Structures are given as structure tokens and as C-alpha cells.
2 protein chains.
Amino acid sequence: MTAPACYMRFVSTQRATGLAKAKRTLKWQRDPEGMRLRILEAAKQEFSAHGLAGARVDRIAANAGANKRMLYYHVGNKDELYLAVLEGAYDKIRSEERGLDLEHLDPPEAIRRLIEFTWNYFLRNPEFLSLLQTENLARAKHLKRSTKVKSMHSPFVEMIGTVVRRGVSSGDFKVAVDPVQLYISIAGLCFFYLSNSATLSVIFGRDLLAKDAKDERLDHMVGLVLAALTGQSAALLAMTKAPKSRAAVAQTV
Amino acid sequence: MTAPACYMRFVSTQRATGLAKAKRTLKWQRDPEGMRLRILEAAKQEFSAHGLAGARVDRIAANAGANKRMLYYHVGNKDELYLAVLEGAYDKIRSEERGLDLEHLDPPEAIRRLIEFTWNYFLRNPEFLSLLQTENLARAKHLKRSTKVKSMHSPFVEMIGTVVRRGVSSGDFKVAVDPVQLYISIAGLCFFYLSNSATLSVIFGRDLLAKDAKDERLDHMVGLVLAALTGQSAALLAMTKAPKSRAAVAQTV
DNA sequence: AGAGAAATTAACCCGTTGGATAAATACTGT
DNA sequence: ACAGTATTTATCCAACGGGTTAATTTCTCT
């Protein structure tokens with residue numbers, strides 16, 4: 001938005017004949033796939049930064065280094081553009097979720113990894129959070145029309161179900177909690193803290209996105225969920241404040 | 001929006017003199033306080049339904065039964081109107097929060113009440129959720145300018161601190177969890193489920209706002225938090241799925 | 001080479017929207 | 001009763017913003 005950053009690939013064509021003139025004209029080059037990608041990327045940024053109504057088609061075009069007409073040519077009108085971005089966002093997270101292997105981990109560790117993944121994914125993809133907020137503000141009006149997203153089931157629910165069952169039979173976990181509820185809880189613990197960090201930071205008068213604050217939050221969430229599942233004070237210990245020195249958690253994927 | 005619902009109080013003035021004409025003209029009546037309230041209420045609905053950019057000043061005026069000029073006269077431009085609504089929303093929840101008395105309850109019950117209050121408040125005030133989402137989408141740009149909201153500290157953090165301390169010394173709780181973290185977790189568990197119910201309902205292919213689903217969710221949240229704090233399987237039991245028959249939780253305030 | 005198709009640019013259209021100006025009407029105190 | 005002020009109505013407008021139309025340029029295939 002700030003700098004119109006022209007991504008368009010220009011080529012300087014120097015007429016072989018008529019050299020004397022040195023008439024160096026800047027022309028454009030075809031690149032339909034690239035153009036489409038740049039449009040979708042710019043649209044993602046725009047929609048996540050300004051919401052659906054606040055997004056400006058002209059800005060998307062400018063940031064994509066394209067002419068406005070290109071949006072309609074390659075994707076469609078504003079709504080279709082928005083839906084394409086949303087579908088892309090779901091596609092991406094689902095794909096990364098599938099890459100998470102919890103099979104070989106013991107149940108508590110598996111749950112920890114699950115939380116860490118969710119947390120880090122949200123941290124790495126703030127636009128995803130914004131897009132979800134925007135779509136929920138619209139009461140999922142667009143998502144309902146998307147057969148594509150509806151068919152993209154998260155593997156997490158099943159993964160959690162398996163882990164919980166293993167945990168119960170191994171004695172690690174005390175109770176077979178509903179996987180859907182646990183999934184929503186884990187997502188919620190991460191999501192709310194990050195998506196509402198702006199207002200919460202103002203309310204509490206401190207920066208919730210500072211490194212220490214984030215580390216502390218992750219420890220708290222893992223501790224809370226594991227303590228609930230295992231009933232062990234071992235997990236609870238991580239919840240006491242001032243963990244400070246905890247090493248940064250590497251990206252899981 | 002649908003019906004312009006003219007809230008304006010009209011009075012039929014019948015000229016005492018000149019009776020023959022029966023010139024019954026509809027005139028308006030002054031009501032600055034009422035007008036301001038109607039404007040703010042209409043604005044709250046509009047902003048929560050459409051977000052800041054999506055909100056239409058004309059619709060607010062129409063739904064307030066007012067002339068558009070009135071908005072600027074009584075409150076200010078769109079941004080000031082929005083901030084006024086936001087401040088009102090915070091004011092309302094803070095006020096209700098203060099009404100919650102946890103002193104006389106034993107710690108686990110106090111935590112339960114806290115969660116129930118939060119849950120029910122969000123259920124009763126969906127606009128509050130929307131407004132927060134909208135403000136966070138704007139990265140709290142407006143909230144930062146509001147000295148009013150900054151001074152409205154939630155009593156919950158301190159209340160939680162007290163309850164947790166009591167719980168630890170009474171032996172009910174195993175660990176002195178950070179009150180701020182716990183506050184955010186409780187809010188997050190409730191908030192995310194409700195604010196994202198639209199997309200989640202599509203993803204899971206079921207209505208998360210159905211009565212049974214909501215009851216189940218509340219049980220899960222209370223169970224999760226209490227199990228973590230107490231380490232008791234008693235609390236965990238409530239987390240097993242299919243509680244179904246649980247009586248509806250009455251509004252706490 | 002060169003014709004037809006694909007991709008891109010440039011310019012325009014027109015309803016919407018936040019906001020402003022000015023005039024009218026209802027109160028209030030004296 | 002009336003003058004002055006507070007409140008409300010009636011219009012207007014300039015900028016914006018999504019979308020369209022038409023012309024231009026590049027690529028591909030024969």
C-alpha cells in the first residue's frame with residue numbers, strides 16, 4: 001500500500017533495427033500464473049489488514065503490480081477474490097496440519113506438540129487469524145458457499161481422538177475428553193490471545209507480543225491442558241509464573 | 001435496516017384557533033438524551049453487524065429514527081461514533097463484572113461462577129464480541145486513544161488472584177497460576193467458541209449454537225479449568241462427553 | 001510472417017457515502 | 001408574548017470505489 005511496488009516484470013526492448021534512435025521502450029511480459037499468485041497474495045494482505053468492506057480493490061491491484069482489470073480477469077469480483085483468499089488460507093493450514101506426526105510420541109508430548117504447532121502456526125500466519133475474524137464477522141456467509149472448504153476436514157480432530165485414547169489406556173490421561181471440544185479449546189487458547197492481543201495489550205498496559213510474554217503464554221497453555229488431562233502436578237509446575245528462561249520453541253513444521 | 005422504524009416521537013398539534021381547517025400537522029418533539037441513546041444503540045448494532053468500514057452512517061441514522069445530521073450533532077463523525085460505542089461496551093461489561101461476588105464461595109465454585117458469568121455475558125451480548133473483533137482487526141487503533149477505557153480495569157484479574165490464593169492455601173488448588181493468564185484463558189475459551197461459531201459450525205458440519213452444544217461447551221470449559229487447577233478427577237468427570245441432561249445455567253447477573 | 005487468441009493497459013461510468021450548509025422548528029427563561 | 005438558543009429537518013456535494021468497455025500489446029501456432 002505504501003509503495004506501489006511494481007512486481008510487473010518489465011523488459012527493455014531495444015529495437016535491433018533503427019539502432020540510432022535508441023528508442024528504449026518499457027513493455028510488459030505475459031505471466032498469467034505469476035499474476036494470479038501476486039493478485040491472491042496482495043488480496044490476502046489487503047483483506048487481512050482491512051477486512052472485507054475495508055479492503056480496496058485498487059490497492060490490491062497496485063500491490064500486485066497489476067491493473068485493476070486483472071483482478072476481474074484472473075479471479076473475479078471482490079467477493080470471489082475474497083473467497084479465493086479464504087480458501088487458500090484453509091488449504092494452507094490443512095496442508096501443514098497433515099504434516100504433523102504425533103503417532104510416535106507419548107500422549108502428553110503429543111498434546112504439547114499439537115499446542116505448539118497451533119500456536120506457532122498462528123504466530124507465523126497472522127493473516128489467517130484476521131481472515132477468520134473477518135469471515136466470522138460476516139457469519140461465515142462466504143464459507144457456507146464454499147464446497148471446497150467444507151471438504152477440507154482438519155486431521156486434528158482424529159489425531160486428538162487417537163492420542164487421547166492412547167493416553168487413557170496408557171494411564172497418562174485420566175479421562176477421554178471429547179476431541180472436538182479439546183480441539184476448539186486448544187485453538188481458542190491460542191487464537192484469542194493472538195487475535196485480541198491488540199486490545200488486551202491496551203487493557204493490561206503491557207505488550208502481549210513481546211518475546212517473554214509469548215513464551216510465558218505457551219507454557220501456560222501447555223500446562224493448563226496437560227494438567228487437566230493428566231491431573232499431574234508435574235504439568236502444573238509449568239504453569240507457575242516467571243518461566244522466563246525457557247528456550248524458544250522451534251517451529252514445528 | 002429492514003424497516004426504517006421511526007423512533008422519533010411525533011405529536012399531532014391541533015391548532016386551537018382555526019379549528020375549521022382541522023389542519024393536523026405532524027411535528028417533532030425535542031429529546032436530546034433519548035436521541036443520543038437511540039443513536040448509540042443503532043450505532044452499536046450497525047458496527048457490530050458490519051464492522052467499522054462496513055457500517056453505514058445513513059443506516060445508523062435511519063435505525064435511530066433520526067436525521068443523519070443528528071449523529072454529527074450529538075456524537076461526532078463516524079470514528080467518534082464508533083469509539084463512543086466501544087467505550088460504552090467496555091463500560092457495560094466492567095459494570096456487570098463488578099457485580100459478581102466470589103468472596104463467599106469456595107474456590108472451585110468461584111472459578112465455576114466466573115466461567116459461567118463470562119460465558120453468559122458473551123451469549124447475552126454478541127455485539128460485544130463483534131466489536132472486539134472489529135477493534136482488533138484495526139489493531140486497537142481507536143482504543144489506544146481512549147483514556148476512558150484504559151482507566152476501566154477489569155476487577156476480574158484481582159478477583160482471580162484472590163480466589164487462586166485462597167484455593168492454594170485451602171488445598172483445593174495445586175498451584176498459584178498467574179491470574180492474568182487464567183483470565184485470558186477463560187475469556188479465550190468462551191470467546192473463541194462463540195465469536196468463531198459461524199466458521200466452526202461450517203467446518204464441523206453442526207450447529208455449535210444449538211442448546212445442547214452450548215451446554216456441553218460450558219461443561220467442558222469448567223471441567224478443563226477446574227481439573228487443571230485441582231488435579232481432581234472429580235472435575236474431570238464433567239469433561240466426559242454427553243452431559244446432555246445438564247440444566248440450563250441461569251444468568252449470573 | 002502473420003493471424004488469431006491470450007493477457008494487459010488505459011480510460012471511463014455511475015451509484016454510494018461521509019460529511020457539510022442552511023433553513024426550519026421547538027423549547028426556555030424572562 | 002417574545003427573543004434567543006437548542007434541536008431537528010431538508011438538500012447538496014465532492015470524493016470514492018467497484019465494476020465495465022474498448023483499445024493495445026504479446027504470445028503461439030502454422
Side-chain angles (χ1 to χ4, degrees), chain A residues 1 4 6-17 23-39 42-43 46-47 50-84, chain B residues 1 4 6-17 23-39 42-43 46-47 50-84:
Chain A
M1 198 204 81
C6 191
Y7 291 97
M8 168 96 329
R9 282 183 295 163
F10 279 102
V11 285
S12 64
T13 43
Q14 179 115 356
R15 230 24 195 318
T17 55
K23 181 206 281 183
R24 192 206 279 195
T25 42
L26 291 177
K27 296 284 175 77
W28 48 272
Q29 192 173 309
R30 284 188 181 184
D31 181 18
E33 300 84 3
M35 176 66 93
R36 190 185 151 85
L37 287 180
R38 269 159 22 226
I39 288 172
E46 180 71 14
F47 284 123
H50 304 282
L52 179 49
R56 292 294 164 255
V57 171
D58 299 82
R59 270 198 303 242
I60 294 174
N63 288 331
N67 184 289
K68 183 165 52 162
R69 180 69 177 77
M70 290 291 88
L71 311 192
Y72 297 89
Y73 183 77
H74 288 287
V75 187
N77 64 20
K78 195 180 181 184
D79 259 35
E80 297 175 283
L81 195 50
Y82 168 77
L83 184 55
Chain B
M1 199 201 79
C6 191
Y7 292 97
M8 169 96 327
R9 281 183 296 163
F10 280 102
V11 284
S12 64
T13 46
Q14 181 117 354
R15 234 6 191 342
T17 54
K23 181 206 279 182
R24 189 205 282 194
T25 41
L26 290 177
K27 295 285 176 73
W28 49 271
Q29 192 173 310
R30 284 189 180 183
D31 182 17
E33 300 84 3
M35 176 66 94
R36 190 184 151 87
L37 287 180
R38 269 159 23 225
I39 288 173
E46 180 71 14
F47 284 122
H50 303 283
L52 179 50
R56 292 295 164 253
V57 172
D58 299 83
R59 270 198 303 243
I60 294 174
N63 288 332
N67 185 288
K68 185 166 53 162
R69 180 67 177 77
M70 292 291 89
L71 312 192
Y72 298 91
Y73 183 76
H74 287 287
V75 188
N77 65 20
K78 193 180 180 182
D79 259 35
E80 297 175 282
L81 194 51
Y82 168 77
L83 184 55

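Order of the sequence lines sets the chain letters (A, B, ...), proteins ahead of strands, with each chain counted from 1. Small disclaimer: the values here were computed from a predicted structure and weren't measured.
- One distance of note links CD of B/Glu46 with CG of B/Asp58; it measures 9.5 Å at 0.5 Å rounding.
- Evaluation of the ring pair (Phe, Tyr, Trp, His ring centres under 6.0 Å) test over residues 54-82 of chain A, restricted to residues two or more places apart or in two chains, returns A/Phe47-A/Tyr82, A/Tyr82-A/His142.
- Across all their heavy atoms, A/Ala42 and A/Ile60 have their closest contact at CB-O, 3.6 Å.
- Distance A/Met70 CE to D/dT25 C1': 12 Å, rounded to the nearest Å.
- One end of the helix from C/dA1-D/dT30 to C/dT30-D/dA1 points its axis 10° away from the other end's axis, with each axis taken from 5 pairs and the angle rounded to 10°.
- At whole-Å resolution of the value, CG in A/Leu71 and C1' in C/dA7 are 14 Å apart.
- Note that the CE atom of A/Met70 and the CE atom of A/Met35 stand 6.0 Å from one another [nearest 0.5 Å].
- The CD atom of A/Glu33 sits 11 Å away from the C1' atom of C/dA7 (whole-angstrom rounding).
- For the pair A/Arg59 CZ and D/dG19 P, the computed distance is 15 Å after rounding to whole Å.
- Remark: P of D/dA22 and OH of A/Tyr73 are 17 Å apart, rounded to the nearest angstrom.
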Heteroatom pairs (N/O) under 3.5 angstrom, protein to nucleotides 1-3 of chain C:
none

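- Rounding to whole angstrom units, CE of residue A/Met35 and C1' of D/dC27 are separated by 15 Å.
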- If the sugar-phosphate is the primed atoms plus P, OP1 and OP2 and the base is the rest, what is the B/S/- string for nucleotides 11-24 of chain C, using protein heavy atoms under 4.0 Å? ------SBB-BB--
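- Proximity of A/His74 to the phosphate of C/dT8: a side-chain N or O atom is located under 4.0 Å from OP1 or OP2.
- Scored by the side chain to side chain donor-acceptor pair (under 3.5 Å) test, A/Asn77 finds no partners at all (sequence neighbours excluded).
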- Take A/Glu33 and A/Asp31 through the test side-chain contact (heavy atoms from CB on, under 4.5 Å) and record every step on the way to the result. CA-CA 6 Å; A/Glu33 300 84 3; A/Asp31 181 18; 3.9 Å; yes
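- Counting only residues at least two apart or in different chains, salt bridge (charged side-chain N to carboxylate O under 4.0 Å, His left out) contacts with residues 69-84 of chain A are absent.
- Distance, A/Ile60 CD1 to D/dG17 P: 12 Å, rounded to whole Å.
- One can place CG of B/Asp31 at 17 Å from P of D/dA6, the figure rounded to the nearest angstrom.
- Shown here for A/Val75 and A/Ala84, the closest heavy-atom pair between the two residues is CG1-CB, 4.1 Å.
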